[in-house]
Amino acid sequence: MQDDHQKPRQELPKKGLSRRGFLKGAGLTTAGTVILQGGILGAEAAAVDKTLGPDAVTIQLKVNGIQRKIAVEPRITLADALRDKLNLTGTKVVCDRGSCCACTVWLNGKPVNSCMTLAMDATDAEVVTIEGLAQEDKLHPVQEAFIDHDATMCGFCTPGMVMTTAHLLENKPNANLDDIKHAIRGNACRCGTHPKVFDAALAAVQKMKKS
Amino acid sequence: MNKFKWFNAQNIEEALERTNATVSDAINRGSADSAIIKSGGIELLDFIKEGIIEPAEIINIKSIPGLEGIAFDRTAGLRIGANTTLADIENNGDIKLQYLALHQAVSKAATPQLRNVSTLGGNIAQRTRCWYFRSIDHPCFRKGGTTCFAQNGENQMHAIMNNGTCCSVHASSVATALLAYGATVEITSRGGQKKDVSIDDFFVNPFTDIRRESVLRRGEIITAVNIPAQGKNVKSWYIKQGERASFDWALADVAVVVELSGKRVRKAAIAMGAASPVPVRSKAAEEFITGKDINATTAAEAGQKAMENATPLAKNGYKVDLFKTIVKRALLESV
């Protein structure tokens, strides 16, 4: 244990190469092979019937306003596609069973659990993730309010919490505390930040009225 | 998750032609070559993620046009397409006005995120949430095994009635409301034949067939749920008691639908979920309250009657008290 603590900093990945980027790079050769096979088998299957997969299938979807094309096996969830294919790692996977809502994104304008949505079900859909909430350099009022009201502790639930709250406020500008509680009742937070989240959401309602 | 193929069905016939297994078939007979229907997909994905089934193909029926939608008519009643999401049911004005207990049950089911995806068909066709059944390490009766781990195990969430064979409870709290309203399930089979199955007959008890929880067989699909029109003197209420107020599976839930003549009850349906392996009506409580006014005394007595045949297990005796209380409260709230 002590050795780990004393490990010199130089051993960490060099600047500009995050741990994530490093891991992805290391697996690149294998991933490339898989995609290549998927292309060939996929084409054969399509000639016989309309069945897609099980190897990678190319789908299109609009993510945060940008049209994207990705190759996914039908078993890949939207959460994994966003994180691993599009590098949008703001979306967090926590329970991976639709029980905590940390992975909440907007799919065709509705908040959903991206961990329980297959990427195939997002074909030709519009997806908004936490990365798409801010406009240029301006944070969404809900994001600002979360910062102002310290509505984050460990932070794992925060992207989902923000996406859910922002969706409510975009659709119900006069939301009251009951509306907020009803909307975010699926978003679990083990740190217990809910009172702060309620404060932030109510403050964001006022903020959005003024703007 | 295992690798699987994907098929976007354009119509019901196409989906029924391709499918060769229900989730229950796949659990009991092995899933190696199974082609399974999915709508919202929450239930199916859960089983695949747990490794309990490994389907070869998923037949997506979310792509079938016209399988969703809500139609209400004052005389014909309510028709909800199988692909309708729980969110769309929750937000429907006619349902809130005419079928309050259904509205309440749906708005307390799962989470807002799941309700945006989960469909009515999938909700009533889902399997039990018994943690032994959902665990790959526990080969219970329902998975072709030789024991029920819950009978002498962690049974605090389990059935307090009809629990001799398998003490799991049905997971759908929406079904509790549907049962109280006397809904029917429209099932379409290969060749396009349709049949209407009363919701009482739709659910299958473990002592009838341990391997499934509904009458649905492979080659069949739920296409709609119909609920008869309710008279203007009909009142309803739904209560779900979970461990948390925010969201949870029901420890106990109840839906009451009463038809009044003045203050007197002419007809009553009192349905309970999470009490028995399938949602059940309490004939004893219904008979007791019929012909009487609903007040604190009669409602409490009805709660007692609803639990007179309870056979709780070692760790779920508290549920008996929960049911007595929520039956009483739901009756009082309904009027």
Side-chain angles (χ1 to χ4, degrees), chain A residues 34 38 41-42 45 48-57 59 72-78 80 95-121 123-124 160 163-164 167-168 171 179 181-189 194, chain B residues 1-11 14-15 17-18 35 38-51 54-63 85-88 90-91 107-119 122 126 129 134 242 244-249:
Chain A
V34 171
L41 292 177
V48 181
D49 55 38
K50 295 186 293 174
T51 313
L52 302 167
D55 296 311
V57 178
I59 62 165
V72 289
E73 293 174 355
R75 65 172 163 170
I76 298 299
T77 63
L78 178 59
D80 287 344
C95 76
D96 200 25
R97 291 295 185 281
S99 299
C100 77
C101 295
C103 66
T104 301
V105 300
W106 301 351
L107 179 67
N108 290 331
K110 288 175 183 168
V112 303
N113 300 108
S114 59
C115 78
M116 294 302 274
T117 304
L118 290 167
M120 295 297 285
D121 270 328
T123 304
D124 298 329
M163 291 309 287
T164 310
H167 180 267
L168 170 71
N171 290 282
D179 298 325
K181 283 184 177 176
H182 188 71
I184 68 164
R185 45 183 279 223
N187 291 81
C189 170
H194 285 100
Chain B
M1 278 193 277
N2 68 292
K3 286 176 92 165
F4 47 76
K5 289 186 282 183
W6 180 275
F7 182 82
N8 282 319
Q10 295 308 314
N11 53 61
E14 205 172 57
E17 227 161 77
R18 284 196 83 86
K38 98 148 193 49
S39 180
I42 305 294
E43 166 84 341
L44 187 56
L45 229 57
D46 218 54
F47 278 118
I48 301 173
K49 284 189 176 191
E50 292 300 330
E54 297 185 334
E57 179 174 328
I58 284 186
I59 301 156
N60 182 31
I61 60 162
K62 204 69 181 170
S63 47
T85 63
L86 298 186
D88 284 342
E90 180 187 7
N91 296 327
S107 59
K108 295 219 157 50
T111 66
Q113 280 85 339
L114 289 172
R115 292 199 295 272
N116 280 333
V117 176
S118 304
T119 63
Q126 69 181 309
R129 286 275 155 185
R134 295 268 170 174
R244 300 181 287 198
S246 56
F247 78 96
D248 215 336
W249 300 102

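Chain letters run A, B, ... following the sequence lines, proteins first, then strands; residues in each count from 1.
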Do [X] and [Y] make a side-chain contact, defined as non-hydrogen atoms from C-beta onward lying under 4.5 Å apart?
X	Y	result
A:W106	B:N116	no
B:K38	A:D121	yes
A:P74	B:K5	no

Can a salt bridge be assigned to the pair B:K49 and A:D96 using a cut-off of 4.0 Å between side-chain N and carboxylate O?
-> yes

Ranked by heavy-atom pairs below 4.5 Å to chain A, first place among B:L44, B:N2, B:I48, B:I59 goes to B:N2

Segment of [X] engaging chain A (4.5 angstrom heavy-atom cut-off):
X	value
B:D46	both
B:E14	side chain
B:D248	neither
B:A110	backbone
B:R115	side chain
B:E57	side chain

Closest approach of B:P112 and A:R185, non-hydrogen atoms and distance?
-> CD-CG, 3.9 Å

All heavy atoms of B:I42 vs all of A:M116, minimum pair found to be O-CE, 3.3 Å

Among A:A183, A:G186, A:C115, which residue forms the greatest number of heavy-atom pairs with chain B at distances under 4.5 Å?
-> A:G186

Rounded to the nearest 0.5 Å, what separates atom [atom1] in [X] from atom [atom2] in [Y]?
X	Y	atom1	atom2	answer
B:L45	A:T117	CG	OG1	8.0 Å
B:R18	A:K50	CZ	NZ	8.5 Å
B:K62	A:M120	NZ	CE	15.5 Å
A:L118	B:N60	CG	CG	9.0 Å
B:F247	A:I184	CZ	CD1	11.5 Å

Please report the C-alpha distance between B:I58 and A:R75 in whole Å, then the side-chain angles of each, then the deciding distance to 0.1 Å, and finally whether the side-chain contact (heavy atoms from CB on, under 4.5 Å) criterion is met.
-> CA-CA 10 Å; B:I58 284 186; A:R75 65 172 163 170; over 6 Å; no

Evaluate side-chain contact (heavy atoms from CB on, under 4.5 Å) for B:E50 paired with A:R97, printing each intermediate quantity in order.
-> CA-CA 10 Å; B:E50 292 300 330; A:R97 291 295 185 281; 2.8 Å; yes

Please report the C-alpha distance between A:T123 and B:W6 in whole Å, then the side-chain angles of each, then the deciding distance to 0.1 Å, and finally whether the side-chain contact (heavy atoms from CB on, under 4.5 Å) criterion is met.
-> CA-CA 12 Å; A:T123 304; B:W6 180 275; over 6 Å; no

Check whether A:H194 gets within reach of chain B through its side chain, its backbone, both or neither, counting any heavy atom under 4.5 Å.
-> neither

What's the verdict on side-chain contact (heavy atoms from CB on, under 4.5 Å) for B:V117 and A:N113, showing C-alpha distance, side-chain angles and the deciding distance?
-> CA-CA 9 Å; B:V117 176; A:N113 300 108; over 6 Å; no

